[in-house]
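These notes concern the structure reproduced below.
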Amino acid sequence: MVFRTIRGKMLIGFGAVLSAILLTLGAFFFVAVRDTVVPLTKDLSQDVLRARSSSLGHLFLGYQTDIGTLSRESILRSGDSSAIEQELKRQIAGANKDYEMVFFADRQGAYVSSIGSYGNVADRPYFREIMSGARDQVISEPLVSRATGATVFVIASAVKDKDGRVVGLVAATVLLDTLTEIAGAVSVAENGFGWVMDHKGLLISHPSPNVRMKLNLLESSRNGYSGLEPIAAALKQGKSGFGEYRRPDGEVFATIYTPIPNTPNWGLGVSMPKAQMMAKADRLMRLVVIGIALVLTTTILVVIIVSARISAPILALVQSTEAVSRGNLDATIDIRTGDEIETLAQAFRRMMAELKTYIANLQKVTSEKERVESELHVANRIQASMLPRIFPPFPDIREIDLFATMQPAREVGGDFFDFFVLEDGRLCFCVGDVSGKGVPAALFMVIVMTILRNQAMHDADLARIFSQTNRMLCADNDEMMFVTVFMGILDPRTGGLEYVSAGHNPPALARQDGDFAFLRSAPSLAMGVIEDIDFEAHSTQLAPGDTLFVYSDGVTEAMDVRGELMGEPRTLDALNALKFRPVRELVDGMDARIKAFANGAPPSDDITMLAVEMVR
């Protein structure tokens with residue numbers, strides 16, 4: 001019985017001889033692989049590190065180019081701190097995401113920043129270096145930001161007047177955590193890690209906060225490190241190389257290091273446990289030995305011992321496997337050997353049958369999924385293209401500032417907003433929320449938007465616009481869909497506002513420097529429910545500085561992970577925290593607060609927001 005199995009045939013025929021051969025070859029190849037892979041690993045690691053160092057150098061050069069370009073902005077020479085602050089906020093919005101903030105400091109060191117902080121940096125070394133005229137650009141040593149309290153480094157550039165005199169500096173701060181994150185991405189082994197040393201030997205970037213900004217590599221022997229000081233000394237001299245050091249716990253680390261271009265003599269290093277360098281050699285040695293064993297085993301079995309007994313069924317199985325790999329799932333396998341080969345053939349036949357069924361089902365499901373996803377993507381693009389997207393929308397109407405967004409809960413949604421100028425120069429705007437979600441709601445939304453715009457362009461009576469639109473929506477409304485809408489008509493010359501609501505959430509109005517409060521109106525039904533109903537229009541007066549915030553119920557009904565609604569009180573609190581912001585910042589700020597409240601919970605409804613302000 002033993003001889004009928006493949007394992008028995010191999011063990012009885014040549015197991016002892018083959019074991020001796022494999023042991024000899026394994027020892028030989030282990031030495032050869034070790035002597036080849038270790039030097040190769042060092043060379044490849046240094047190449048990787050040099051490439052990463054060059055990448056970091058380009059990053060720092062980009063920082064300097066950004067700030068150098070910003071230093072030539074004429075508004076920085078104006079002396080108007082308020083205008084400078086607004087310009088810095090505008091610049092940071094489109095700047096490198098690595099920047100924590102940007103700031104401008106005059107010749108006395110007084111600064112204003114993009115985050116609205118003020119202070120004085122006259123005692124900072126980079127400030128004194130630029131003010132003395134020694135250099136036009138400086139990258140500072142790591143320091144604690146007086147604006148945020150975070151550990152940062154500063155990229156500063158001189159601001160000069162038309163005669164070339166230094167009138168101040170403009171600078172950006174980059175969190176030291178950002179540098180640690182970038183350096184930490186450099187790894188050449190499973191447990192390797194990257195670090196950065198400044199020109200004084202201080203470890204300014206390291207995955208461990210226990211040594212970051214605390215350990216000076218030039219004096220590391222005091223902390224129990226052995227062999228690290230020569231590495232730091234070579235790096236301080238701008239040299240690249242390879243070295244080893246021992247930590248206080250006794251573990252030995254291999255280290256590659258190189259300077260970082262475009263920095264004040266900072267250096268980049270990568271350290272890894274020395275034992276890991278041999279891990280690749282060990283793995284490669286095992287693979288080589290296994291490969292040799294398979295080759296020798298197959299050759300000896302086929303040529304000497306059991307060629308007739310084993311080679312024929314193996315060849316048949318190989319041929320069938322190759323046929324399957326070429327896509328022929330109908331290939332036949334008929335092997336009757338009474339051993340594991342026959343068992344394998346039976347399992348292979350079952351696998352092919354299951355694979356054919358799986359592929360057929362997968363093709364069907366994939367085709368249907370791709371079709372649906374393609375249609376929804378097109379619908380999303382069509383829906384987005386129907387909503388106004390240019391802001392500010394009416395540059396010629398200086399009395400009004402307006403901004404709006406719509407975020408569907410699914411690929412397409414039922415919310416909408418619209419705004420346009422009537423023939424008499426008044427601004428008409430609206431926000432709507434169609435019942436339901438998905439494609440049916442989106443199609444109904446298109447109908448509602450089209451009817452409302454056409455009615456408003458031919459008739460300025462809001463109550464009549466809503467009544468006529470309601471009658472048209474009720475006709476042939478077999479799906480029993482309805483829509484809530486708020487529409488307003490604002491005269492930019494007088495501030496007069498006429499508005500009407502069809503079952504929509506009450507908008508919030510902030511009077512000049514006052515708080516937001518809901519603008520209530522008479523209760524009314526949504527449109528598309530009952531055909532013959534009347535709607536009541538209301539009016540109020542807006543003054544310069546007043547802001548009206550119109551939204552859909554996706555704002556007040558936003559839910560957190562516990563299912564709790566945001567509600568009207570939280571909505572008012574969020575609005576009042578943003579009440580003096582421009583309309584774009586107001587809408588973006590509300591979006592951020594809604595997401596913070598949801599805390600990762602998926603949106604339960606479309607979210608639409610529109611803010612209009614009478615400019616002071």
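A quick note: this is a predicted structure, and the numbers were derived from the prediction, not measured.
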| Side chain Asn454, main chain Ile451, donor-acceptor under 3.5 Å | no
| message | Could you tell me if Glu100 and Thr173 have a donor-acceptor pair between their side chains, going purely by distance under 3.5 Å? | response | yes
| query | So, Asp591 versus Gln407: side-chain donor-acceptor pair below 3.5 Å or not? | reply | yes
| note | Across all chains, not counting sequence neighbours, the side-chain contact (heavy atoms from CB on, under 4.5 Å) partners of Arg212 are Asp177, Thr180, His206, Pro209
| Which pairs pass ring pair (Phe, Tyr, Trp, His ring centres under 6.0 Å) with one or both residues in residues 471-492, sequence neighbours excluded? | Phe486-Tyr499
| said: Test your reading of the model: is there a side-chain donor-acceptor pair from Asn505 to the backbone of Tyr551, 3.5 Å cut-off? | reply: no
| said: I'd like to know if Asp424 pairs up with Arg493 as an ion pair, taking the criterion as any Lys NZ or Arg NE/NH1/NH2 lying under 4.0 Å from an Asp or Glu carboxylate oxygen. | reply: no
| Among Leu462, Thr540, Leu490, side chain to side chain contact (heavy atoms under 4.5 Å, CB included) partner for Glu498 | Leu462
| task | Check whether any side-chain heavy atom of Ile607 sits under 4.5 Å from a side-chain heavy atom of Ile594, and report yes or no. | result | yes
| Hey, is the main chain of Val154 close enough, under 3.5 Å, to the side chain of Ser140 for a donor-acceptor pair? | yes
| Flag, side chain of Asn576 to backbone of Phe516, donor-acceptor distance under 3.5 Å | yes
| said: Quick one: does any side-chain atom of Asn470 pair with a main-chain N or O of Ile530 as donor and acceptor, under 3.5 Å? | reply: yes
| request: State plainly whether the residues Glu564 and Arg570 are in salt-bridge range, i.e. N to O under 4.0 Å. | output: yes
Exercise answer: donor-acceptor pairs, residues 59-68 side-chain atoms, under 3.5 Å, sequence neighbours excluded:
residue	atom	partner	partner atom	Å
Tyr63	OH	Asp98	OD2	2.7
Gln64	NE2	Phe60	O	3.4
Gln64	NE2	Asn262	O	3.0
Thr65	OG1	Leu61	O	2.8
Asp66	OD2	Tyr99	OH	2.7

| said: Looking only at the aromatic ring of each residue, does the gap between the centers of Phe466 and Phe535 stay below 6.0 angstrom? | reply: yes
